Amino acid sequence: MPYTTKEIQKIEEKWQKIWDKKKIFKVDVNDKKPKYYCLEMFPYPSGKIHMGHVRNYTITDVIARFKMMQGFNVLHPMGYDAFGQPAENAAIKRKIDPAEWTYDCIDQMRKGLKRMGFSYDWDRELATCDKDYYKWNQWIFIKMFERGLAYKKTSSVNWCPSCETTLANEEVLAGGCWRCQTPVVQKDLDQWYLKITEYSERLLEDLKQLSFWPSRVIAMQENWIGKSMGAEIYFRVKDTDDPIPVFTTRADTIFGATYVVLAPEHPLVDKLIKGVKHEEAIRQFIQKISNQSKSVRISGEQKKEGVFTGRYAINPANNKEIPIWIADYVLMEYGTGAIMAVPTHDQRDFLFAKEHALPMEIVIEDPQNLDRKVSDMKEAFEGEGVLINSAQFNGIKNIDAIEKIGAWFQENGNGKMTVHWRLRDWLISRQRYWGTPIPMIYCETCGIVPVPEKNLPVELPPDIDITGEGGSPLRKCADFVNVKCPSCGKKATRETDTMATFFDSSWYYLRYCSSKNKKEVFDKKEAGYWMPVDQYVGGIEHAILHLLYSRFFTKFFKDLGFVTFDEPFVRLLTQGMVLKDGEVMSKSRGNTVDPDEVIKNYGADALRLCILFAAPPEDQLEWNDGAVDGAWKFLNRIWNLIEKQYKVVNENIAFQEFDEDDKNLQRECHSAIKKITEDISSYKFNTAISSLMILINSVDKYKFDKNNVVKQSLFNFTMRAVILLLSPFTPHICEELWHKIGSKEETIVKAAWPTYNEVYLKKDMAEVVVQVNGKLRGKFSVAVDISEEEIKKIALSDEGIQKWILDKPVKKFIYLPGKLVNIVV
RNA sequence: GGGCAAGUGGUGGAAUGGCAUACACGCAGGACUUAAAAUCCUGUGGCUGCAAGGCCGUGAGGGUUCGACUCCCUCCUUGCCCACCA
């Protein structure tokens with residue numbers, strides 16, 4: 001029976017059915033085995049699986065199967081991140097129910113995943129749009145509400161007046177709505193937030209525990225959390241004495257602060273400008289800025305604009321009067337919404353001061369340019385130096401002055417040392433239908449009342465008319481909106497916004513531990529056994545949001561007493577993207593390759609092998625059709641070797657009867673076992689596969705003799721190892737061959753991973769490379785345990801080497817046993 | 001502007017500071033075949049040479065070392081992330 005396209009389909013589908021029917025990958029808590037939780041980021045079900053999924057899930061599957069064969073109790077679950085906008089868009093466009101559309105997509109997706117032969121425990125499958133799942137979203141939300149971690153606040157957000165909805169910054173394109181191009185405005189809205197900032201310190205500190213995460217993900221999270229140590233200094237408004245706290249990381253430059261700038265939204269602005277000469281013009285300026293969308297304002301491209309308020313502040317360092325300005329480059333969301341401007345030592349302030357002819361004073365001496373004058377400056381001096389024009393702090397190094405001046409202010413009450421975070425609270429309200437309803441009720445007498453636990457879930461009403469015209473679709477559904485207040489029984493209304501879908505995906509890995517649990521968010525005991533996740537695999541695009549939110553949720557569950565650990569994911573592997581013709585494969589670019597087509601022609605095994613062999617998992621992968629062909633050829637060679645040469649024999653291999661050729665093959669087999677085990681453990685799948693290819697090349701060259709029992713059994717031994725070693729990569733063909741050669745286990749996954757014997761790795765002879773002055777000049781085959789003296793004699797007397805040494809004296813002789821000689825002359 | 005990666009044959013990519021280019025793709029030649037496909041074998045960094053061989057060669061330049069793709073410094077290029085962040 002040849003390994004043809006038709007046969008491949010038959011074999012692969014046969015084993016997929018058997019694995020499914022016998023529930024080979026179903027696992028339960030088992031204290032007798034070490035556990036291993038292997039997880040991939042669950043997909044958004046938008047239709048068929050694509051190459052990105054194939055790559056992500058193949059990597060994870062290799063790890064899972066490898067660990068299974070090594071005797072671990074492996075949890076490897078799959079589910080769907082099923083709420084979200086695409087379902088709603090499909091509903092608008094095609095007039096179908098988002099639920100129907102989503103469950104259709106899930107069916108397609110499941111089919112695709114099963115056709116790849118992934119080792120999932122399908123009994124744990126979940127979809128976040130199942131009410132059994134989102135019920136617990138609501139439960140978690142209420143727990144957070146009870147602890148003050150979920151709260152409502154009015155804040156300025158991007159708003160599309162035509163669609164009547166809030167937009168994320170990413171949804172604003174060139175100042176307009178991504179859907180209708182209407183200019184986006186800022187609007188104050190009352191929205192639900194999660195107080196992730198309460199966990200800033202822990203989220204930052206615990207990054208230190210994540211020594212098996214890629215350093216760049218750690219760096220991105222650090223940046224995002226953005227802890228900055230500095231000082232808050234109180235400037236005061238002249239005459240009224242109103243304080244203007246400013247945040248600065250450069251307290252050392254305080255004596256050079258020659259003006260103060262407030263954000264246009266700063267609460268003090270209104271009071272300050274009341275009655276000043278140009279009040280109307282200033283108000284117009286503020287109006288103009290506030291009409292700009294955040295993304296335009298933050299772009300940093302445009303020129304910095306500002307106006308003078310006509311008022312002055314007192315610099316607490318030297319009691320000088322300095323003007324107060326309003327400018328668009330100061331943001332209310334960061335720091336205190338006000339800055340002290342030091343144009344001589346901050347480039348942004350410098351440009352602004354030049355533009356508006358504001359005063360400057362040099363307070364740090366540039367060691368390269370001691371007598372610099374303000375009039376000579378072409379740009380701010382941001383380097384290190386010694387303080388000048390700074391009263392009692394003159395002569396101190398500026399880096400030391402940061403702390404000293406901060407302490408001085410702390411003492412005299414003009415400021416304090418403080419920490420600022422870049423991390424903002426998380427806005428989770430969405431004016432959408434296809435998401436988890438926020439389980440809150442508004443009552444005129446009782447205020448905001450959470451839905452009692454016994455009434456959860458608050459179900460999404462079906463048959464809602466989704467028009468896409470904006471606003472929460474749920475608010476048009478009277479049956480949904482009107483309720484009795486759970487507290488006083490009077491008429492009340494429900495919250496009609498739904499949760500951002502990142503909420504759903506922040507804890508699904510905990511739910512997998514007991515995904516069918518009806519009583520609790522998850523079973524503490526089962527989560528205690530399986531968690532934390534030992535290996536998480538997914539795209540780098542989730543480096544910040546999803547991973548940060550999941551870490552936040554885990555810490556919250558720890559505080560609730562549900563888990564005992566701080567971090568959910570011990571190891572993280574971020575797989576690279578799949579490219580075609582140098583660009584990321586994507587539907588919008590139209591450069592996708594359909595995995596189904598490849599499977600149809602070559603099978604899932606060849607696809608898996610080719611994608612693993614083409615590049616290390618973290619690197620980008622350039623898709624190449626020819627590579628699948630190569631993978632298939634390799635599998636075919638193995639198939640043919642077994643078909644033609646494998647024959648069961650009873651005799652055990654007797655080492656004494658081995659000739660040199662046998663010993664070589666045995667050594668190569670054991671060294672391949674060693675190398676492949678090490679490579680898979682460190683996720684170097686491409687080199688693991690190349691080692692298998694090298695071993696097969698050796699088997700091809702091996703002087704096989706079907707009438708020689710010793711050679712037959714050595715061949716058998718080697719091929720058994722090959723099948724086992726290859727099985728995590730290409731499980732179907734290996735399962736088939738494993739049974740073809742008469743193995744007893746019901747599945748190869750239950751066979752033990754092969755081990756090597758150190759004894760067989762040893763060589764008698766070694767090839768030693770000889771260099772003269774670091775250049776390769778010869779090679780010798782010598783006994784491995786040859787002494788330095790002996791090799792020196794051999795090397796120096798060799799003619800080929802001699803001609804490079806001649807009569808020059810040997811200055812140094814370096815010998816790496818069994819490897820290399822370097823003669824320095 | 002800040003941070004993090006990465007730069008090696010025609011291509012994807014290998015190399016605990018020790019033989020640069022493993023393995024594979026592609027290409028060329030050969031065997032088998034009436035022929036083709038498939039399969040198998042051989043060759044395949046550049047320059048030079050009939051050959052043996054020699055010289056050069058891992059983005060550029062410097063340094064450390066007996067020895068550098070690998071470590072250090074400077075620069076260039078590309079990719080990703082963050083950013084009017086005070």
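Computed from a prediction, not measured in an experiment: that's the story for all the values here. Letters go in sequence order (proteins before strands), and every chain restarts at 1.
Annotation: B:C41 and B:G45 have their C1' atoms spaced 23 Å apart (nearest Å). Taking atom P on both B:G62 and B:G10, the two are 24 Å apart, rounded to the nearest angstrom. For B:U8 and B:A60, the C1' atoms lie 15 Å apart once the distance is rounded to whole Å. Annotation: B:G13 and B:A24 have their C1' atoms spaced 8 Å apart (nearest Å). With both ends at atom C1', the span from B:G61 to B:U77 equals 15 Å, rounded to whole Å. Here the separation of B:A6 from B:G59, taken at their P atoms, is 13 Å to the nearest Å.
Residue-level contact check: A:A614 touches the backbone only, with heavy atoms under 4.0 Å from sugar-phosphate atoms and none from bases. Within the 4.0 angstrom heavy-atom criterion, base atoms lie near A:Q771. Base contact: A:I814 has a heavy atom under 4.0 Å from a base atom. The residue A:N686 sits close only to the backbone: its heavy atoms come under 4.0 Å of sugar-phosphate atoms, none of a base. Residue contacts for A:K701: at a heavy-atom cut-off of 4.0 Å it reaches no nucleic acid atom on any strand shown. Across all strands shown, A:N697 has heavy atoms under 4.0 Å from sugar-phosphate atoms exclusively, and none from any base. If you check every strand for non-hydrogen atoms under 4.0 Å, A:P214 touches nothing. Contact annotation for A:W421: no contact, since no heavy-atom pair falls under 4.0 Å across all strands.
Here B:A6 presents its C1' atom at 14 Å from CD1 of A:I540, a figure rounded to the nearest Å. Atom CD1 in A:I676 sits roughly 14 Å away from atom C1' in B:A22 (whole-Å rounding). To the nearest angstrom, C1' of B:A6 lies 9 Å from CG of A:D619. Straight-line distance from the CD1 atom of A:I689 to the P atom of B:A24: 12 Å, rounded to whole Å. A:L545 has its CG atom 12 Å from the C1' atom of B:C81, to the nearest Å. For the pair A:K674 NZ and B:U16 P, the interatomic distance rounds to 13 Å; values are reported in whole Å. If you take CH2 of A:W213 and C1' of B:A5, they are 18 Å apart, rounded to a whole angstrom. The CZ-P distance, from A:F350 to B:G1, rounds to 17 Å in whole Å.
For A:N640 and A:R637, the side-chain atoms include no donor-acceptor pair closer than 3.5 Å.
No donor-acceptor contact under 3.5 Å links the side chain of A:K684 to the base of B:U16. For a distance-only test at 3.5 Å, the side chain of A:D328 qualifies as a donor-acceptor partner of the base of B:C84.
With its glycosidic angle within 90° of 0, B:G9 adopts the syn conformation.
In this structure, of B:G12, B:C80, B:A86, it is B:C80 that holds the atom nearest to the side chain of A:R216. Distance from the side chain of A:R637 is smallest to B:C40 among B:A14, B:C40, B:C25. Comparing B:G18, B:C85, B:A5 by their nearest atom to the side chain of A:Y334 picks out B:C85. Each of B:G54, B:A86, B:G12 was ranked by its minimum atom distance to the side chain of A:W804; first place goes to B:G54. Listed nucleotides: B:C19, B:G18, B:A86. Nearest to the side chain of A:L816: B:G18. Across B:C66, B:G13, B:G18, the shortest atom-to-atom separation from the side chain of A:A615 is found for B:G13.
Here the closest heavy-atom approach between residue A:F729 and residue A:L725 is recorded as CE1-O, 3.6 Å. When every heavy atom of A:F235 is checked against every heavy atom of A:A257, the shortest pair comes out as CZ-CB, 4.2 Å. Nearest heavy atoms, A:L635 versus A:D605: CD1-CB, 3.9 Å. Taking each heavy atom of A:N398 and A:E384 in turn, the nearest pair found is OD1-CA, 3.5 Å. Here the shortest heavy-atom pairing between A:Y602 and A:A606 reads O-CB, 3.6 Å.
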Where each pair must be Watson-Crick or G-U wobble with both distances under 3.5 Å, what dot-bracket representation of RNA chain B is obtained, with crossing pairs in [ ] and other-strand partners as |? (((((((..(((.....[....)))((((((.......))))))((((....))))..(((((..]....))))))))))))....
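A perpendicular orientation is assigned to the rings of A:Y334 and A:F247, their planes being inclined by more than 60° (bins at 30° and 60°). Ring planes of A:Y329 and A:F352: tilted class, angle from 30 to 60°.
For the pair A:K675 and A:I694, nearest-nucleotide mapping onto RNA chain B gives the more 5' position to A:K675. Nearest-nucleotide mapping onto RNA chain B: of A:D700 and A:T687, the residue sitting toward the 5' end is A:T687.
The one candidate from A:I326, A:V330, A:V269 that meets the side-chain contact (heavy atoms from CB on, under 4.5 Å) condition with A:P264 is A:I326. Here the options are A:I59, A:N686, A:T730, A:L621, the test is side-chain contact (heavy atoms from CB on, under 4.5 Å), and the partner is A:L612; only A:I59 passes.
Here the side chain of A:T258 pairs a donor or acceptor atom with the backbone of A:P359 at under 3.5 angstrom.
Between A:R348 and B:C85 there is a side-chain polar atom (N or O) within less than 4.0 angstrom of OP1 or OP2. When the side-chain nitrogen and oxygen atoms of A:K775 are compared with OP1 and OP2 of B:C56, one or more of them lie within a distance under 4.0 Å. Put simply, A:R777 has a side-chain N or O that comes within less than 4.0 Å of OP1 or OP2 on B:G54. At B:U65, none of the side-chain N or O atoms of A:N822 fall inside 4.0 Å of OP1 or OP2 (strictly under the cut-off).
Considering only heavy atoms from C-beta on, A:P595 comes within 4.5 Å of A:L607 through its side chain. Within the 4.5 Å cutoff, side-chain heavy atoms of A:Y536 are placed close to those of A:L547.
Listed by residue number, A:M220 are the residues of residues 219-230 of chain A with a heavy-atom contact under 4.0 Å to RNA chain B.
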